Amino acid sequence: MLEYAEPVTKLIDEFKRLPGVGNKSAQRLAFHVLRMPEADVERFIEALQEVKRRIIFCSVCNNLTDVDPCRFCSSTNRDRSMICIVEEPYNLVAIEKTRSYRGLYHVLHGSLSPIRGIGPDDLHLTNLLTRFRPENNDGVEVREVILATNPNTEGEATANYISRLIKPLGIRVTRIAMGMPVGSDLEYVDEVTMDKALANRHEI
Amino acid sequence: MLLEWIEVHNFRNLSGRVSWGNGLNIIYGDNGQGKTNWLEAIYTLATTKSFRTQKLQEAVRFGEDLGVIRGRVARSEEVHRDLQVTLQGNTKTISINGKREAVARYLRQLNTVAFTADELEVVRGGPDARRKFLDRGVVSLHHAYVQTLADYNRVIKQKNRLLQDAADSEMSLDEVERIISPWNEQLIGLSAEIHRGRTDYVERLKDVLERRLFEREDITIRYVSSLEGKGDLGDYEALVAERLKLRLQAELSAGYSLIGPHRDDLEILFDGRDIRAFGSSGQQRSALIILDLAAISVYYSWHNEYPLFLIDDVDAELDRKRIRYLLEYLEGRTQTFITTSKESLVEEFMGRSNVFRVSDGMSEEIGPEMDLIQSAAKGAESI
């Protein structure tokens, strides 16, 4: 026999499908929903449905958007000569928070990982190369591509793969630096980061 | 560094607290009483791992949920730190001075070199055990090398999968090269780091190797790169790059990576002959002890302090003459922990060591002054 009535069990099972939600959390969430006012539940359902219905990938940069092209790609005051390549939409948000980067983006939705079955064809790369033609970029020539994939072996492989695609086109390809986090003391940095920072030191 | 005392609850059959001596500590007792368990407890406190089991949870006393090992380490005369490894259910928590700590930081607090039956694989087993011996050594000098190894293994794993997938599909060689290059590119850099780390470490070992500690025979070691004879090892990156290019078809046929330091070995010669194939069991043990001592020396010259030296079942591993040489050599150097069931050994070193008699998991000191170290109440209950 089920521990809870069928509808409750079903809800708990659905919550359990979500990442980071285990048995206990799923139960807590389900019971919270049971106590929620009807109107709140409706709003929640609507938000879920809307995100599925209205969010699409930008046809230019693959970022999540509700208008196509997305707000970055259609903006008139971004520097169209630079494209920053990231793995996931939330990586884009992290860079955007700096407010110092004013160029465009390209979202891959993943990184190369043979053991997870992800090859070059699984990354959103096909629409990258067409972006380099000025006629597809408001007449502006792309001068630089910044590779901002994650600093792990998969991110490195992805950056390397893309640089091999782009370099023959005569476009400058750069990789984000690795090293010391700013605003912290040297003593708090782990050895691996410190090691990288020492290896990547520069002359002043 | 010095382990002042250790306190154990529900770890194997152990309970209670033991205060160790600065020099030689002899853990003595009949078989099955828990001598090795004490050694294991020290090792676990230092490394958060066991040298006997992969599943540390198994080391918690049967029927108990919570196992604790606690110990005080003197890093200098005035700096003492309390380390603790707590095993509860399937979780392991580690802390320094009562505060939870990240593994990377914890591991530098107490360093050990352990001579155990398992470690004999270095002189008896395949190259994997010898590479691990070297990697442990490099890590003891450069902690960031842990990441290099992890990245290297990750890249090899990814590349192997790629090679298998490519073999199953009908990709052209050019196509394979295109998708494999990003991994090979990293492999070149990481291989070079590992090659440099290991060759540098072997040079350091050579400089301090007590080649004739026990016998007239001579022990020599040499790092053997799998790329030896294939080109100029001095320009290692270029050589790896060239070999990777040249051997792509072969790697594809094999379905796994053929080029890189995961195929290297450490050659250990005893009187010019391979110890693994031609050494007697005694010679193999001598060679391993000599390697361990060299590792301890290298550690000392780098950090200016000695790691702990653990030797399990010393009589089973070495004859009396060698034990004598060894323990005399260690005097004034490491804080050493040995286990033995031989009373004659205890008698011989009585004046120059702290002796602990283990019986049913409890340990009491029977030193020259015959003062009895407290045996904790917890332990008394278990009898």
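Per chain, numbering begins at 1; letters A, B, ... match sequence-line order. The model shown is predicted, which means the values in this text are computed figures rather than measured ones.
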Measuring heavy-atom distances to chain A, does B/Asp151 have an atom under 4.5 Å in its side chain, in its backbone, in both, or in neither?
both
In terms of heavy-atom proximity below 4.5 Å to chain A, should B/Arg105 be classed as side chain, backbone, both, or neither?
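The answer is the side chain of B/Arg105.
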Once rounded to the nearest 0.5 Å, what's the spacing between atom [atom1] of [X] and atom [atom2] of [Y]?
X        : Y        : atom1 : atom2 : value
B/Arg154 : A/Asn152 : CZ    : CG    : 8.0 Å
B/Gln164 : A/Ile115 : CD    : CD1   : 11.0 Å
B/Lys157 : A/Ser113 : NZ    : OG    : 9.0 Å

Answer yes or no: does atom [atom1] of [X] have more than 12 heavy-atom neighbours from other residues, nucleotides or ligands under 6.0 Å?
X        : atom1 : value
B/Glu175 : CD    : yes
B/Arg263 : CZ    : yes
B/Glu77  : CD    : no
B/Arg75  : CZ    : yes

Heavy-atom pair of closest approach, residues B/Trp183 and A/Pro114
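Closest heavy-atom pair between B/Trp183 and A/Pro114: CZ2-CD, 3.5 Å.
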Would you name the heavy atoms of B/Pro182 and A/Ala157 that are closest together and state the gap between them?
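Shortest heavy-atom separation between B/Pro182 and A/Ala157 comes out as CB-O, 3.2 Å.
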Backbone N or O of A/Thr153 within a donor-acceptor pair of the B/Gln186 side chain at under 3.5 Å?
yes
Between A/Leu112 and chain B, with a heavy-atom cut-off of 4.5 Å, which part of the residue counts as in contact: side chain, backbone, both or neither?
both
Please determine if A/Arg164 and B/Glu185 form a salt bridge, counting it only when a charged side-chain N lies under 4.0 Å from a carboxylate O.
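B/Glu185 and A/Arg164: salt-bridged.
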